[in-house]
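Notes follow once the structure below has been shown.
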Number of protein chains: 2
Amino acid sequence: MATIRDVAKLADVSVSTVSLALSNPARVSQKTLERIRQAIAAVGFVADPLAQSLARGRSRMIGFVVGNVGNPFFGDIRRELENYALDHQHFVVVTDSSGKTDRERAMVEHLIGLKTAGLALAPSGYDQDYIDFIAGLNVPIVCFDQKVAGIERDFVGSDNYLAGAMLTEHLLQLGHRRIAIITGPSHMRTATERYRGFAETMANAGVEVNPNFVVDGQFTRTAGYEAAMRLLIQPERPSAILGANNTVALSALQAMQELGFRCPEDISLAMIDNVQWSSVITPRITMVVQDTLALGGIIARRLMHRITNPQGAVEPPQDFVLTPKFVPGNSCRRI
Amino acid sequence: MATIRDVAKLADVSVSTVSLALSNPARVSQKTLERIRQAIAAVGFVADPLAQSLARGRSRMIGFVVGNVGNPFFGDIRRELENYALDHQHFVVVTDSSGKTDRERAMVEHLIGLKTAGLALAPSGYDQDYIDFIAGLNVPIVCFDQKVAGIERDFVGSDNYLAGAMLTEHLLQLGHRRIAIITGPSHMRTATERYRGFAETMANAGVEVNPNFVVDGQFTRTAGYEAAMRLLIQPERPSAILGANNTVALSALQAMQELGFRCPEDISLAMIDNVQWSSVITPRITMVVQDTLALGGIIARRLMHRITNPQGAVEPPQDFVLTPKFVPGNSCRRI
DNA sequence: TGATTGAATCGAACCGGTTCGATTGAGCCC
DNA sequence: GGGCTCAATCGAACCGGTTCGATTCAATCA
């Protein structure tokens with residue numbers, strides 16, 4: 001590997017001049033610049049990013065930290081961020097915490113150690129320790145998906161209250177009254193907001209919610225399946241189930257299929273968030289989806305803005321909340 | 001941030017002794033070691049990974065390079081690799097090339113610049129230039145998924161010939177003769193092997209393949225959909241369709257649904273590779289799946305072996321080919 | 001003509017570690 | 001007591017860049 005000193009020797013200038021020519025060509029004379037250019041080409045010089053980062057105290061990498069890269073929601077956002085970052089000479093490295101807070105924290109620490117220019121973070125933690133940790137980081141950070149109380153950073157996400165309310169209203173319009181909901185973990189803002197959208201819409205319509213119809217699916221497959229089973233074995237079954245995310249909703253569909261319930265003839269189903277291949281799942285589930293491309297675009301621009309603009313770093317944090325979209329399927333019948 | 005010099009000063013030893021104490025405690029006296037330990041705790045010293053990598057010429061990071069992290073196949077493998085790597089004090093960074101060879105190459109170059117300890121690579125390129133590039137890298141690399149002719153590296157994958165043959169044999173057993181296949185790109189070994197498994201099994205059974213029944217789905221959604229449509233509008237339709245990967249198979253299912261064909265009553269369907277939520281797709285597709293956990297485990301162990309064992313680096317490359325598993329569904333009927 | 005200015009370039013310190021040959025000194029042998 | 005060995009520690013060079021104050025020198029001005 002050729003180093004900057006090889007270039008300097010060949011071009012017969014000092015090392016610092018080569019460095020200057022690379023970072024600020026205008027400050028070097030035409031003649032010298034040309035000699036340096038030729039020397040660089042001759043020895044095949046490429047600056048070592050590690051050495052650059054060490055000296056500068058900052059790299060051109062952006063850390064993307066999520067709980068599950070396999071989730072198409074995060075995948076779309078990653079793609080948007082990456083495209084934008086590449087256009088601005090930045091490079092995205094992805095880390096996956098598998099939803100574990102301690103692992104996420106270790107990964108963020110590692111990324112900070114790598115002197116990443118900025119972080120796009122879908123936080124999974126929520127305790128004070130974690131919040132203090134994030135607050136203490138001196139790097140541009142844009143949080144997304146989960147709004148965590150106490151983290152004073154830019155946030156990009158969807159209106160989860162509205163998402164819950166939209167589907168609930170839809171089911172009410174179709175004549176449903178015995179509507180059940182499979183919720184997510186109560187420490188997650190997305191889960192509580194979606195539930196609040198459901199509960200308040202029901203209350204506003206004057207429909208009482210059967211306490212047995214609110215079950216916790218933890219946003220996971222196993223808990224969602226179990227929660228659905230609990231709903232389905234009740235003597236007075238719900239006429240419609242609202243899954244607070246894609247995982248619990250599809251777990252419910254699976255449970256229904258296994259017990260021989262037809263959807264939507266026997267029980268209607270609606271869910272929040274899309275899933276890959278939803279178009280070939282029978283029935284096509286009625287859902288409310290987030291605009292992942294728009295979310296990704298905002299995250300990307302906001303983060304790059306903070307990274308590249310000197311004064312961008314000190315701007316006060318801002319929330320960007322997008323309206324989700326209703327996508328009708330044929331999983332909800334009129335009764 | 002406290003540096004190693006702060007520690008040295010406080011412990012009243014030289015910087016090199018601190019470094020030695022960290023990397024090889026046995027070579028430092030108990031007394032000194034204790035003083036250094038206390039000093040480290042007192043100033044809150046954490047070694048800067050960047051500086052370490054620069055000085056050592058090698059980091060503790062492992063690069064994971066694939067064309068689509070969102071693909072659950074890659075996701076499972078990533079998880080296995082990550083768990084294993086974390087147990088061995090290594091850290092996985094993921095990059096996604098979106099299937100673009102030039103981008104993949106840029107990412108590999110970047111990872112090399114970061115002095116990654118090793119690479120787990122699902123190659124997407126196949127031209128000579130790319131092969132030479134990979135061959136020229138002086139880092140432990142384990143390739144997986146795609147076996148690329150000319151790349152002399154460890155390879156971990158499944159027996160794709162067998163995968164194609166198994167499903168073809170299954171369809172033949174059920175009485176099908178008019179079997180169509182939606183293939184993948186001809187430059188991909190997985191695609192050609194799967195097709196070969198199909199073609200040879202048909203030939204061995206003495207069943208002639210209608211040339212119109214072999215269509216190219218490029219392993220993508222749009223091309224797969226188009227290919228399926230081409231099959232479905234023929235006057236003499238196939239009685240069964242074999243999708244050479246999950247994407248083209250599900251695209252075919254979608255096309256069938258849209259044209260009003262029932263599966264399996266009108267047309268049977270089988271596919272290679274699983275997909276998330278396959279259990280709630282109606283009908284449950286008969287498929288041959290790869291053992292992603294086993295693949296991931298082998299990749300992880302092989303890579304770490306090469307990284308950590310001094311002589312591991314020079315061992316000749318080896319192929320690990322696993323047998324895929326047949327998973328019956330109800331998408332293929334007897335005729 | 002001597003002082004001033006500014007563009008071009010340089011040298012040295014620095015980022016924060018690692019590595020290895022050199023040095024010190026205690027313990028052992030003859 | 002002199003020579004030898006070996007464990008413990010040190011100093012300096014090094015990894016490959018960046019940065020900034022200092023220097024050089026030609027052009028400009030009073």
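Everything numeric here is computed off the predicted structure, so don't read it as measured data. Within every chain, numbering begins at 1; the chains are lettered A, B, ... in the order of the sequence lines, protein sequences first and strands thereafter.
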**Item:** Nucleotide nearest B/Thr32 (side chain, heavy atoms from C-beta), chosen from C/dT19, D/dG16, D/dA8
**Value:** D/dA8
**Message:** Rounding to an integer number of Å, can you tell me how far B/Lys9 NZ sits from C/dG16 P?
**Reply:** 13 Å
**Rounded distance in Å - CG (A/Leu20) to C1' (D/dT23)** = 15 Å
**Prompt:** Within this structure, what is the CD-to-C1' distance between B/Gln30 and D/dA7, rounded to whole angstrom?
**Reply:** 14 Å
**Prompt:** Does the cation-pi check pass for B/Arg105 over B/Phe133, that is, NZ or CZ under 6.0 Å from the six-membered ring centre and within 45° of its axis?
**Reply:** yes
**Request:** Side chain of B/Ser14 only, please: which of D/dC10, C/dG17, D/dT18 is the nearest?
**Result:** D/dC10
**Asked** Where does the angle between the aromatic ring planes of B/Phe74 and B/Phe144 fall among parallel (under 30°), tilted (30 to 60°) and perpendicular (over 60°)?
**Response** perpendicular
**Item:** Nearest-Å distance for atom pair CG/P, residues A/Asp48 and D/dC14
**Value:** 17 Å
**Asked** Would you say B/Ser29 reaches D/dT9's phosphate, i.e. side-chain N/O to OP1/OP2 under 4.0 Å?
**Response** yes
**Fill in**
Which of D/dG17, D/dC10, C/dT18 is nearest the side chain of B/Val13? It is D/dC10
**Request:** Starting from P on D/dC15, measure out to CG on B/Leu50 and report it in whole angstrom.
**Result:** 17 Å
**Request:** Please determine, for the side chain of B/Ala51, which listed nucleotide (C/dG16, D/dT9, C/dT9) has the closest atom?
**Result:** C/dG16
**Asked** Rounded to the nearest 0.5 Å, how far apart are CZ of B/Phe64 and CZ of B/Arg78?
**Response** 7.5 Å
**Prompt:** D/dC20 P sits how many Å from A/Asn24 CG, rounded?
**Reply:** 12 Å
**Message:** Using a heavy-atom cut-off of 4.0 Å across all strands, would you classify A/Val46 as base, sugar-phosphate, or nothing?
**Reply:** sugar-phosphate
**Prompt:** Ignoring hydrogens and angles, are the base of C/dG17 and the side chain of B/Arg56 linked by a donor-acceptor pair under 3.5 Å?
**Reply:** no
**Message:** Under 4.0 Å from OP1 or OP2 of C/dT9: is there any side-chain N or O of A/Ser16 that close?
**Reply:** no
**Request:** Could you check whether B/Val15 gets within reach of a base, just the sugar-phosphate, or nothing at all, counting any heavy atom under 4.0 Å?
**Result:** base
**Asked** Is the shortest heavy-atom distance from the side chain of B/Pro140 to the side chain of B/Leu303 under 4.5 Å?
**Response** yes
**Prompt:** Between B/Lys115 and B/Val28, which has a closest nucleotide on DNA chain D that is more 5'?
**Reply:** B/Val28
**Message:** Salt bridge or not between A/Arg79 and B/Asp96? Use side-chain N to carboxylate O under 4.0 Å.
**Reply:** no
**Message:** Rounded to whole Å, how long is the line connecting atom CG of B/Asp6 with atom P of C/dG16?
**Reply:** 9 Å
**Message:** Under the side-chain hydrogen bond (donor to acceptor under 3.5 Å, both in side chains) test against A/Asp154, which residue among A/Arg306, A/Gln318, A/His305 passes?
**Reply:** A/Arg306
**Asked** Does B/Gln52 make a side-chain N or O approach to OP1 or OP2 of C/dT18 shorter than 4.0 Å?
**Response** yes
**Item:** Between C1' of C/dG16 and CD1 of A/Ile112, the distance in whole Å
**Value:** 18 Å
**Request:** Please figure out whether B/Ser23 or A/Arg27 has its closest DNA chain C nucleotide nearer the 5' end.
**Result:** A/Arg27
**Prompt:** Where the side chain of B/Leu54 is defined as all heavy atoms beyond and including C-beta, which of C/dG17, C/dT9, D/dG16 is the nearest nucleotide?
**Reply:** D/dG16
**Prompt:** So does A/Ser19 get a side-chain nitrogen or oxygen closer than 4.0 Å to the phosphate oxygens (OP1/OP2) of D/dT18?
**Reply:** yes
